[in-house]
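Every chain is numbered from 1, with letters handed out A, B, ... down the list of sequences. FYI, side chains are in, hydrogens and waters are out, and symmetry mates aren't considered; it's all heavy atoms of this structure.
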Amino acid sequence: MRTSQYLLSTLKETPASAEVISHQLMLRAGLVRHLASGLYTWLPTGLRVLKKVENIVREEMQRAGANEIMMSMVQPADLWKESGRWDDYGPELLRLSDRHKRDFVLGPTHEEVITKLVANELNSYKQLPLNVFQIQTKFRDEIRPRFGVMRGREFLMKDAYSFHLDDACLEKTYQIMFDAYCRIFERLELNFRPVIADTGSIGGEKSHEFHVLAESGEDDIAFSNASDFAANIEKAEALAPQGERAIASQALETVELKLERLIKTTDVDIKNTVKTIIVLGDTDEEPTKNFVALVLRGDHQLNEIKAENISGVHAPLTLATDEQVSAVANCHSSSLGPKGLSVPVIVDRSAAHLSDFACGANQNGYSFTGVNWERDCADITVADIRNVVEGDPSPCGQGSIVIKRGIEVGHIFQLGNKYAQAMNCAVLNEGGKNQTLTMGCYGIGVSRIVAAAIEQNHDQYGIKWPKAIAPFQVAIVPMNMAKSARVKETAEALYEQLSNAGIEVLFDDRKERPGVMFADHELMGTPLLLVVGERNLDTQEVELKNRITGEKSLLAIDNVMSLFN
RNA sequence: CGGUGAUUAGCGCAGCUUGGUAGCGCACUUGGUUUGGGUCCAAGGGGUCGCAAGUUCGAAUCUUGCAUCACCGACCA
């Protein structure tokens, strides 16, 4: 490709709306352009990268025995009503109707369509297991699109679905997919980690996320500093503190200070206090009485996922309003405490290990000190409802927790039979009986990977693409071609030779000054530059510049092809 | 949806307080100059100041409404 024919579109200045570095560089290097909130146009350079990621994903899926298909992005609402997700999915599901007023959705994912297809196509256990995938545009009407294509509303995703007669078979395919994902991210040269994950709204039992480690990531990942253990913080278990709880030694006292003031103005340590949060319960009692109290150590944070998975707690987790808090405890939320509450009390393991602690007194402006479980507050349930923090013992039993930020680029689930049951997806088993299938599903955010790769591979000059996904393998940069016939001839000859050999080469034939060309290629992140100039032509050499290492060396023109063997 | 802020040339911004001729840098066009790291000089093109209504002789500027975009929370590949 010649730059004179190419939509280069680089920007010198950073558009003000771009927050993270990958978004800035994607705009500046001319990979994408903003169309509307969460919607982007992919320019030639960006599309080249996207296609490369896509192809690596496709190759590894095929190697893992998955069949590529393509499903419609527009899906009939009836299917979603059948699975129950028409009601469950919420406003993130973009709904539309056609000219006949029939309801449709823009597919955020394709479980319904694929399960219906497989239900119709498969009849016998002999056809199992089956794994199918597609690489398709998805649409999710995100509440808050941000960070460019990292969280767009329309995005490219690889989604695979596997079908099995039993869980043992699903487990096997799950492992194959796990390995395939590792291969994919290794080929993409990304610093990634598989982490144990929550299954979220898709439902199911076992699940891993694949995270690219980056400061700009939106998830907190808990690692062990002594083993392979890694889990999304949503899912990382906070172990109960070691040892016996200290024996009560203080008497219960009432203090005329809010808990917050008590911590600030006295020597009471926040780690020896508990905070109490009232949330909606999940029982059939009349709504005015249906609440649960969650109790955490003062310095800990509530883990909403863990909390809403506890029976009796309403999912999704819903905080009580100020009025509801007053109705439950006759005080403001800042003076809440576990003692004497009439609602079920769920206490985090760490908070339950305290003795002689301080807490709100359920009376505005008052606290208790010297509080002890059992003696002062007996009827409680102990559970793990907090986020792990750095330094906690790792749940794997080895080492302690370290927390890093990650960008979720892949997610694999063991779905079970939720969709198969709803969509009546079954085959005849060996005994001739109808048997509902069990499913796995496996997603990769293809367009998000492009952004994640930039987050991990850039410097002050621009993008430093991993070789496997660089838009061009090499660029030819002639010095002052307009003035030197020798330079022009050499550059043209090199270009022809490389193009004929099928190498993705960008020939910068613009009439630009060297600085402009160098800056553009560095911004775009082309791994290799061949600089053709009068300076080295007497010896029949060109300069080779490596974008990643910054190394410069001289290379005989006759040897250029050897770079690509 | 809630909270905050923004909207003036393709991009980055000034002008608004105190109403009166729409400006700067980059980019773009033309001519010259320069040519191994975003040269320099000169001339030029490009704007219903987000939209609508109001106040006024007169609105980018004041008032009201709406839209869009971004940031902080819930969602997720």
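- Here the separation of B:U35 from B:C72, taken at their C1' atoms, is 49 Å to the nearest Å.
- Residue A:Pro514 places its side chain closer to B:G36 than to any other of B:C76, B:A74, B:G36.
- If you find the closest nucleotide of RNA chain B to A:Ile444 and to A:Arg28, the one lying nearer the 5' end belongs to A:Arg28.
- Straight-line distance between the C1' atoms of B:G20 and B:A27: roughly 32 Å, to the nearest whole Å.
- In this entry B:C28 has B:G44 as its Watson-Crick or G-U wobble partner, both defining distances falling under 3.5 Å.
- Of all heavy-atom pairs between A:Val487 and A:Val532, the closest is CG1-O, 3.7 Å.
- Considering all non-hydrogen atoms of both residues, A:Ala320 and A:Val325 come closest at CB-CG2, 4.0 Å.
- In A:Glu534, the CD atom is crowded: over 12 heavy atoms of neighbouring residues, nucleotides or ligands sit closer than 6.0 Å.
- By the 4.5 Å heavy-atom criterion applied to side chains, A:Met517 and A:Arg510 are counted as neighbours.
- Annotation: ring pair (Phe, Tyr, Trp, His ring centres under 6.0 Å) contacts of A:Phe147 (sequence neighbours excluded): none.
- Listed here is the closest heavy atom pair of A:Ser207 and A:Phe413: OG-CD2, 3.8 Å.
- Checking B:G38, B:A74, B:U35 against every side-chain atom of A:Asp520, the shortest atom distance belongs to B:G38.
- One C1' atom belongs to B:U17, the other to B:G73, and the distance between them is 34 Å to the nearest Å.
- When the C1' atom is used for both B:G50 and B:U8, the distance is 10 Å, rounded to whole Å.
- Within 4.0 Å of A:Ile143, counting heavy atoms only, lies at least one base atom of the nucleic acid.
- Other residues, nucleotides and ligands place no more than 12 heavy atoms under 6.0 Å from the CD atom of A:Glu260.
- Judged by Watson-Crick or G-U wobble contacts below 3.5 Å, the nucleotide B:U7 has B:A67 as its partner.
- Residue A:Glu543 places a side-chain atom within donor-acceptor reach of the base of B:G36, judged by atom type and a 3.5 Å distance cut-off alone.
- For the ring pair (Phe, Tyr, Trp, His ring centres under 6.0 Å) test, residues two or more places apart in sequence or in another chain that qualify with A:Tyr6 are A:Phe472.
- When the side chain to side chain donor-acceptor pair (under 3.5 Å) test is applied to A:Glu237, the partners found at least two apart in sequence or on another chain are A:Arg349.
- On the C1' atoms, B:C71 is 31 Å away from B:A59, given to the nearest whole Å.
- Residue contacts for A:Glu522: at a heavy-atom cut-off of 4.0 Å it reaches a base atom on one of the strands shown.
- If you check residues 475-494 of chain A against RNA chain B, the residues with a heavy atom closer than 4.0 Å are A:Met479, A:Asn480, A:Lys483, listed by number.
- Counting only distance, with no hydrogens or angles, the side chain of A:Ser484 and the backbone of A:Met481 share no donor-acceptor pair below 3.5 Å.
- Qualifying side chain to side chain donor-acceptor pair (under 3.5 Å) partners for A:Asp87, counting only residues two or more places apart in sequence or in other chains: none.
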Between protein and nucleotides 22-27 of chain B, what N or O pairs are separated by less than 3.5 Å?
{"residue": "B:G25", "atom": "N2", "partner": "A:Glu13", "partner atom": "OE1", "Å": "2.6"}

Side-chain donor-acceptor contacts of residues 549-560 of chain A below 3.5 Å, not counting sequence neighbours, with atom names and distances?
{"residue": "A:Thr549", "atom": "OG1", "partner": "A:Glu551", "partner atom": "N", "Å": "3.1"}
{"residue": "A:Thr549", "atom": "OG1", "partner": "A:Glu551", "partner atom": "OE1", "Å": "3.4"}

Could you list the donor-acceptor pairs under 3.5 angstrom formed between side-chain atoms of residues 150-159 of chain A and any protein atom two or more places apart in sequence or on another chain?
{"residue": "A:Arg151", "atom": "NE", "partner": "A:Glu218", "partner atom": "OE1", "Å": "3.4"}
{"residue": "A:Arg151", "atom": "NE", "partner": "A:Glu218", "partner atom": "OE2", "Å": "3.4"}
{"residue": "A:Arg151", "atom": "NH1", "partner": "A:Glu142", "partner atom": "OE1", "Å": "3.3"}
{"residue": "A:Arg151", "atom": "NH2", "partner": "A:Glu218", "partner atom": "OE2", "Å": "3.3"}
{"residue": "A:Arg153", "atom": "NE", "partner": "A:Ser37", "partner atom": "O", "Å": "2.9"}
{"residue": "A:Arg153", "atom": "NH1", "partner": "A:Asp141", "partner atom": "OD1", "Å": "3.0"}
{"residue": "A:Arg153", "atom": "NH2", "partner": "A:Ser37", "partner atom": "O", "Å": "3.1"}
{"residue": "A:Lys158", "atom": "NZ", "partner": "A:Tyr181", "partner atom": "OH", "Å": "2.7"}
{"residue": "A:Lys158", "atom": "NZ", "partner": "A:Tyr442", "partner atom": "O", "Å": "3.1"}
{"residue": "A:Asp159", "atom": "OD1", "partner": "A:Gln134", "partner atom": "NE2", "Å": "3.4"}
{"residue": "A:Asp159", "atom": "OD1", "partner": "A:Lys138", "partner atom": "NZ", "Å": "3.0"}
{"residue": "A:Asp159", "atom": "OD2", "partner": "A:Gln134", "partner atom": "NE2", "Å": "3.2"}
{"residue": "A:Asp159", "atom": "OD2", "partner": "A:Lys138", "partner atom": "NZ", "Å": "3.1"}
{"residue": "A:Asp159", "atom": "OD2", "partner": "A:Tyr161", "partner atom": "OH", "Å": "2.5"}

Got a list of protein N/O to nucleotides 41-44 of chain B N/O distances below 3.5 Å?
none

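- Note on A:Val409: only backbone sugar-phosphate atoms sit closer than 4.0 angstrom, heavy atoms only; bases stay farther off.
- A:Tyr419 and A:Arg85 share a side-chain donor-acceptor pair at under 3.5 Å.
- Side-chain N or O atoms of A:Asp508 include none that pairs as donor or acceptor with a backbone N or O of A:Val477 at under 3.5 Å.
- A gap of 46 Å separates the P atoms of B:A60 and B:U34, to the nearest Å.
- Side-chain N or O atoms of A:Gln75 include one that pairs as donor or acceptor with a backbone N or O of A:Thr109 at under 3.5 Å.
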Grab the N/O contacts between the protein and nucleotides 29-31 of chain B below 3.5 Å, and write none if there aren't any.
none

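- Judged by atom type and distance alone, A:Arg151 reaches the base of B:C76 through a side-chain donor-acceptor pair under 3.5 Å.
- Closest approach to the A:Arg513 side chain among B:G36, B:C75, B:U35 is made by B:U35 (side chain taken as heavy atoms from C-beta onward).
- Checking B:G37 for Watson-Crick or G-U wobble geometry (two distances, each under 3.5 Å) identifies no partner in any strand.
- Nucleotides B:U61 and B:U21 have their C1' atoms positioned 15 Å apart, rounded to a whole Å.
- Using modelled atom types, no side-chain atom of A:His411 and backbone atom of A:Cys441 make a donor-acceptor pair closer than 3.5 Å.
- Mapping A:Asp219 and A:Met517 onto RNA chain B by nearest heavy atom places A:Met517 at the nucleotide closer to the 5' end.
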Polar atoms only, N or O, under 3.5 Å: list the protein pairs with nucleotides 70-72 of chain B and their distances.
{"residue": "B:A70", "atom": "OP2", "partner": "A:Ser37", "partner atom": "OG", "Å": "3.2"}
{"residue": "B:C72", "atom": "OP2", "partner": "A:Arg144", "partner atom": "NH1", "Å": "2.9"}
{"residue": "B:C72", "atom": "OP2", "partner": "A:Arg144", "partner atom": "NH2", "Å": "2.8"}

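- Under the rule for a ring pair (Phe, Tyr, Trp, His ring centres under 6.0 Å), the partners of A:His23 that lie at least two apart in sequence or sit in another chain are A:Tyr40.
- A distance of about 33 Å separates the C1' atoms of B:U7 and B:A43, rounded to the whole Å.
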